[in-house]
Amino acid sequence: MKIELNHITRIEGHAHLVVDRKQGEIKDCRLEIVESPRFFEAMLKGRHFSDVAPIVARVCGVCSISHTLASLMATEQALGVEPDAKARLLRRLLSFGEIMQSHLLQLYFMAVPDYLGISSIFQLLDSRRELVARALRLKRTANRICEVIGGRPIHPVTTTIGGFSVMPYVSDLKHLRQELVAALPDLEATVELFAGFDFPEFERETEYICLSDPGHYPLHANRFCSSSGLNAAVTDYKKEVEEYLTGYSTAKFARTARGSYMVGPLARFKNNFPRLSPMARKVASALTIDADTINPYHSLKARLVEVVNYVEESIHTIDELLLHGLNGTKPRAVPTGGGQGTAAVEAPRGLLFHSYTYDRNGLLDTADCVIPTAQNLANIETDLKAILPELLDRSDQELTRRLEMLIRSYDPCLSCSTHLLKIDLV
Amino acid sequence: MSAIHISRIIGIGNLLMGDDGLGVVAIEELRRRKIPPTIELIDGGCGGVTLLQILAECDRAIIIDAADFGKKPGAILRYPAEKIINSQQSTTQASLHQTGLAEVLILAKKLGQLPDLTLFLVQPQIIERSLELSKPVQEALPHLLDMLIAELAAWPKTD
């Protein structure tokens with residue numbers, strides 16, 4: 001018999017999976033991605049470098065900050081512009097805000113229903129209102145970071161080539177710091193909630209890839225590394241990562257010479273455990289997860305550990321900004337002309353590459369973008385194939401649930417394009 | 001009756017998907033018109049659940065968005081939020097997949113965070129990868145702006 005999972009819910013986009021139970025195999029695994037490189041290039045070709053990041057910011061509603069920052073950094077590299085230390089700190093803070101926004105949404109809205117055995121967080125509005133209120137309070141705090149630094153909760157407007165066009169107010173930063181400290185009890189309650197969940201047991205080792213920043217838990221860096229010994233410059237990403245098409249999917253997959261790989265919270269966590277904040281490491285221990293885990297369902301735990309880590313890092317970053325003051329930070333003068341630039345950031349779902357060439361008039365000639373979900377697709381599929389034999393004795397319902405949970409653990413972002421409202425007028 | 005403090009006009013949608021971006025374009029156009037400074041104009045982009053916060057923080061709002069209500073492209077529909085909540089509640093309760101406008105409105109209502117809200121919806125022609133609005137939607141835009149300004153004129157003055 002065949003089981004079809006159409007429109008797998010609680011992921012950002014559409015996915016379609018066909019399982020042939022009798023043969024014990026995955027027949028079709030289709031995950032639709034909108035941000036295809038071809039569309040990306042067509043959208044940007046011929047644009048002036050100053051227009052590129054604002055357009056790119058609209059590619060995605062969930063990770064608009066990551067796209068914006070990767071885009072700005074690639075353009076800066078092409079033009080030979082280097083932002084100063086304060087701008088780099090503000091960009092870090094902005095990334096923390098976005099990753100927290102995205103992680104909290106995934107944890108509470110997408111994952112909590114799985115582990116509480118309900119279909120939607122809506123069902124908790126009456127029975128566990130405090131849980132929903134807490135989720136939204138935490139999300140609001142993350143939104144506030146993006147608002148104070150980026151000028152608004154999504155699609156930032158203050159970021160520019162060379163730095164920031166508008167600096168945050170000191171009073172807003174101080175207030176933001178208070179809000180972050182005040183979020184700690186809600187985080188504790190979240191850890192308690194997730195520590196009580198029963199995570200499926202499944203182990204499969206893969207290659208874990210993330211940026212490499214010796215001083216920090218990785219966020220913005222020039223090199224990337226893996227658990228299998230990869231250590232390369234971001235500018236060489238095309239030598240290390242090959243994108244390819246399969247016959248049955250419209251999306252591009254990615255692999256290294258060694259095969260499929262994972263990017264995202266679990267990869268970052270595993271490769272950088274000692275660089276986590278002390279509080280985040282404590283949370284990891286409470287969630288019974290360490291750097292040796294090879295269970296993809298544990299991506300959820302890694303996500304929560306990261307939220308705690310980023311709250312702590314945000315507080316320290318604000319302290320550093322307040323200590324040194326925000327005066328005198330102006331975007332560097334941007335030269336005219338063109339060049340070639342490649343940059344990568346750790347987006348909520350993992351490694352994100354942007355690479356551009358500009359002609360001598362500063363107009364975009366080529367653009368390439370490799371998104372985290374595209375890099376995870378082959379790994380999701382390999383996981384599904386590996387777990388299926390373990391689930392064949394389960395009921396259809398349970399088998400479906402486990403496979404969906406596995407896909408959701410990667411938090412795939414497949415389409416951030418449109419959410420068109422439909423109304424039947426009667 | 002308590003005084004109304006914060007009023008917002010929020011345009012939502014994706015600028016890269018043709019007519020889906022009309023809400024955001026309308027906000028940019030409104031910035032060029034004479035809108036009372038007490039009314040905040042917000043480019044809501046495709047922020048999903050983030051819209052909940054934007055709504056929760058105000059007392060009165062208008063949302064501008066593209067919607068399929070089965071009319072000619074460019075048709076404009078003024079629609080009270082309550083009507084969407086009542087009509088879509090049963091169908092969306094099951095899942096929160098792709099947090100769309102209806103889901104956010106239902107969530108806001110259930111949490112008691114829904115402001116006095118009216119929607120201005122425009123029937124799109126093209127929802128595909130494009131940075132341009134279609135001709136019928138472009139032509140509808142001035143009418144939409146006039147309707148919005150007339151709506152604002154009917155709002156009671158803020159303190």
Side-chain angles (χ1 to χ4, degrees), chain A residues 7-14 34-36 39-40 42-43 47 54-62 64 101 104-105 108-110 113 119-123 125-126 129 132-133 135-136 139-140 142-144 146-147 152-155 157 414-426, chain B residues 12-21 24 42-54 56-57 63 65-71 77 79 83-84 87-89 91-107 110-111 113 119 121 123-124 127-131:
Chain A
H7 297 312
I8 294 166
T9 56
R10 283 182 276 121
I11 56 173
E12 298 280 348
H14 291 293
V34 165
E35 301 115 297
S36 72
F39 163 52
F40 193 78
M43 191 173 71
R47 301 265 168 189
I55 294 175
V56 163
R58 301 284 172 167
V59 166
C60 177
V62 183
S64 62
Q101 275 182 329
L104 288 162
L105 195 65
Y108 271 103
F109 282 67
M110 320 281 183
S119 62
S120 158
I121 197 167
F122 278 123
Q123 288 172 301
L125 276 168
D126 299 320
R129 205 182 170 83
V132 181
L136 293 169
K139 172 102 178 21
R140 195 171 56 229
N143 289 350
R144 285 287 297 151
C146 303
E147 229 174 305
R152 56 188 191 199
I154 41 151
H155 311 310
V157 287
L414 303 164
S415 146
C416 297
S417 55
T418 54
H419 299 147
L420 192 67
L421 182 68
K422 274 205 167 65
I423 296 177
D424 292 320
L425 292 176
V426 285
Chain B
I12 56 177
N14 191 337
L15 278 177
L16 309 185
M17 294 296 282
D19 290 339
D20 190 56
V24 177
I42 294 185
D43 165 2
C46 31
V49 178
T50 304
L51 184 60
L52 194 64
Q53 183 195 337
I54 297 173
E57 289 170 350
I63 285 180
D65 193 11
D68 181 6
F69 45 93
K71 296 282 182 193
L77 178 68
Y79 210 66
K83 247 176 143 172
I84 290 189
S87 68
Q88 309 230 349
Q89 201 147 13
T91 52
T92 51
Q93 206 150 20
S95 86
L96 198 91
H97 119 260
Q98 283 208 325
T99 317
L101 180 57
E103 287 89 340
V104 169
L105 296 185
I106 293 166
L107 203 53
K110 285 216 165 195
L111 290 165
Q113 296 179 342
L119 283 86
L121 305 169
Q123 178 77 39
I127 301 279
E128 60 185 42
R129 296 159 194 180
S130 162
L131 286 162

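Side-chain atoms are counted along with the backbone in the values below, which use heavy atoms only and exclude waters and symmetry mates. Every chain is numbered from 1 and lettered A, B, ... according to where its sequence line falls, protein lines coming before strand lines.
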More than 12 heavy atoms of other groups within 6.0 Å of A:Arg152 CZ:
yes
Nearest heavy atoms of A:Arg58 and B:Leu15, plus distance in Å:
NE-CD1, 3.7 Å
Heavy-atom distance under 4.5 Å to chain B: side chain of A:Ile55, backbone, both or neither?
both
Is there side-chain contact between A:His155 and B:Cys46, with heavy atoms separated by less than 4.5 Å?
yes
B:Leu111 versus chain A, the contacting section by heavy-atom distance below 4.5 Å
both
Does any backbone or side-chain atom of B:Ile12 lie under 4.5 Å from a heavy atom of chain A? Answer side chain, backbone, both or neither.
neither
What one should report as the nearest heavy-atom pair of B:Gly44 and A:Ile154 is O-CD1, 3.0 Å
Compare every heavy atom of B:Asn14 with every heavy atom of A:Val59, then report the nearest pair and how far apart it is.
O-ND2, 4.3 Å
Are A:Tyr108 and B:Val49 side-chain neighbours, meaning at least one heavy-atom pair lies under 4.5 Å?
no
Rounded to the nearest 0.5 Å, what separates atom NZ in B:Lys110 from atom CZ in A:Phe122?
8.0 Å
So which of A:Arg129, A:Lys139, A:Gln101 has the biggest tally of heavy-atom pairs under 4.5 Å with chain B?
A:Arg129
Mind listing the closest non-hydrogen atom pair of A:Glu147 and B:Gln53 along with its distance?
OE1-NE2, 3.4 Å
Euclidean distance, A:Asn143 CG relative to B:Ile54 CD1, rounded to 0.5 Å:
8.0 Å
Applying a strict 4.5 Å limit to non-hydrogen atoms, the region of A:Val157 in contact with chain B is neither
